[in-house]
Amino acid sequence: DAGITQSPRHKVTETGTPVTLRCHQTENHRYMYWYRQDPGHGLRLIHYSYGVKDTDKGEVSDGYSVSRSKTEDFLLTLESATSSQTSVYFCAISDRHRYEQYFGPGTRLTVT
Amino acid sequence: DQQVKQNSPSLSVQEGRISILNCDYTNSMFDYFLWYKKYPAEGPTFLISISSIKDKNEDGRFTVFLNKSAKHLSLHIVPSQPGDSAVYFCAASGYNQGGKLIFGQGTELSVKP
C-alpha cells in the first residue's frame, strides 16, 4: 500500500468554525489530490497539487482552500464549515498525472 | 453534467458466477479508464486500467472491456467471491480534463455465498 495517512480520521465540528484536514505521504509523489465522497455523487475533486506551492481548483472547490508547503503534506481547509460540507474526504497521490492515483483511508467530517 | 455514469447503484451475484459492472461516458476525449474498489471505512484501491488504444485488459479474475464507439466500459469478475463485495467506481481521464480523473457514482456489488 502507498504510504498515505490522513488526520484526523473523524471530526465533528460546528457550523462557522474553521477546519483543517491533513494528508501526509511518504512516497515522494509529485501529485496530490483532495476528493469528497457523497452518496449518489461518487468521488468529486476539490483541489489538487502538482508540486510544492502549485495548486489548482477541482470540480467542487467553493468553500475550500489548500496549501502544500512540503512535498509530503497537503492541507485542506474549510474556512467556515457549513452543513453541506459534511462528507467523507479522501486524499490521493500519484506520480503520473491523470493515471493511477492511490488513496488514503479517509476523514469523516460532520458539521452540525 | 455527469460525464461518467454508472447507472446501476447495486448488483447482486451468486458466488462463483460472473459479475459484470458497467460504466458509460460522454466525453470522446477520454483516453484512459480505471476501476477502483472500495470497502466500507477504507479508501478506494486501484484495481485495473485500460488505455483507449486497447479494447481489453486482464488481470487475474478481473477483465476490463472498452467499447469506444459505444463509449462504454465494463468490468468482469470471474469467478466472483464473497470478498469481492464492495463498491466499484469507474473513472476516466483525458488531455482536455487537465489531467484529472472523473469518477462515476459507484456500483455496490454483493456476492452471496
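Labels below follow one simple rule: chain letters A, B, ... track the order of the sequence lines, proteins then strands, and each chain is numbered from 1. Bear in mind that the values here come from a model prediction, so they are computed numbers and not experimental data.
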Report the option among P44(B), G106(B), S49(B) that has the most heavy-atom pairs separated by less than 4.5 Å from atoms of chain A. P44(B)
Less than 4.5 Å to any heavy atom of chain B: does that hold for the side chain of R44(A), its backbone, both, or neither? neither
Compare all side-chain heavy atoms of L101(B) with those of Y48(A) and state whether any distance is below 4.5 angstrom. no
Return yes when atom NZ of K68(B) has more than 12 non-hydrogen atoms of other residues, nucleotides or ligands closer than 6.0 Å, and no otherwise. yes
Would a hydrophobic clustering, with Ile, Leu, Val, Met, Phe, Trp and Tyr connected at side-chain separations under 4.5 Å, put F65(B) with V4(B)? no
Quick one: what part of L45(A) sits under 4.5 Å from any heavy atom of chain B, side chain, backbone, both or neither? side chain
Measure the NZ-NZ distance between K100(B) and K57(A) for me, rounded to the nearest 0.5 Å. 12.0 Å
In this structure, are over 12 heavy atoms from other groups packed under 6.0 Å from R108(A) atom CZ? no
Go through it in stages, so that I can follow the logic: the residues are F46(B) and F103(A), the test is side chain to side chain contact (heavy atoms under 4.5 Å, CB included), and I'd like the CA-CA distance, side-chain angles, deciding distance and then a yes or no. CA-CA 9 Å; F46(B) 169 70; F103(A) 285 80; over 6 Å; no
With rounding to the nearest 0.5 Å, note down the distance linking CZ in F89(B) to CD in Q37(A). 4.5 Å
Select one option (side chain, backbone, both, neither) describing which atoms of Y36(B) are under 4.5 Å from chain A's heavy atoms. side chain
Smallest separation among heavy atoms of F90(A) and G43(B), with atom names: CE2-CA, 3.4 Å
Is it the case that one hydrophobic cluster holds both L11(B) and V64(B), taking links as side-chain heavy atoms less than 4.5 Å apart, direct or via other members? yes
Any chain of hydrophobic side-chain contacts (each under 4.5 Å) joining V111(A) to L75(A)? no
Name the region of A91(B), side chain, backbone, both or neither, that has any atom closer than 4.5 Å to a heavy atom of chain A. neither
First locate atom CD of E59(A), then atom CD1 of I102(B), and finally report the distance between them rounded to the nearest 0.5 Å. 6.5 Å
Between CG of L47(B) and CD of E100(A), what distance do you get to the nearest 0.5 Å? 11.5 Å
Could you see if L34(B) belongs to whatever hydrophobic cluster contains I20(B)? Use Ile, Leu, Val, Met, Phe, Trp, Tyr and a side-chain cutoff under 4.5 Å. no
Part of Y35(A) within contact of chain B (heavy atom distance under 4.5 Å): side chain
For atom CZ of R61(B), is the number of surrounding heavy atoms from other residues, nucleotides or ligands below 6.0 Å larger than 12? yes
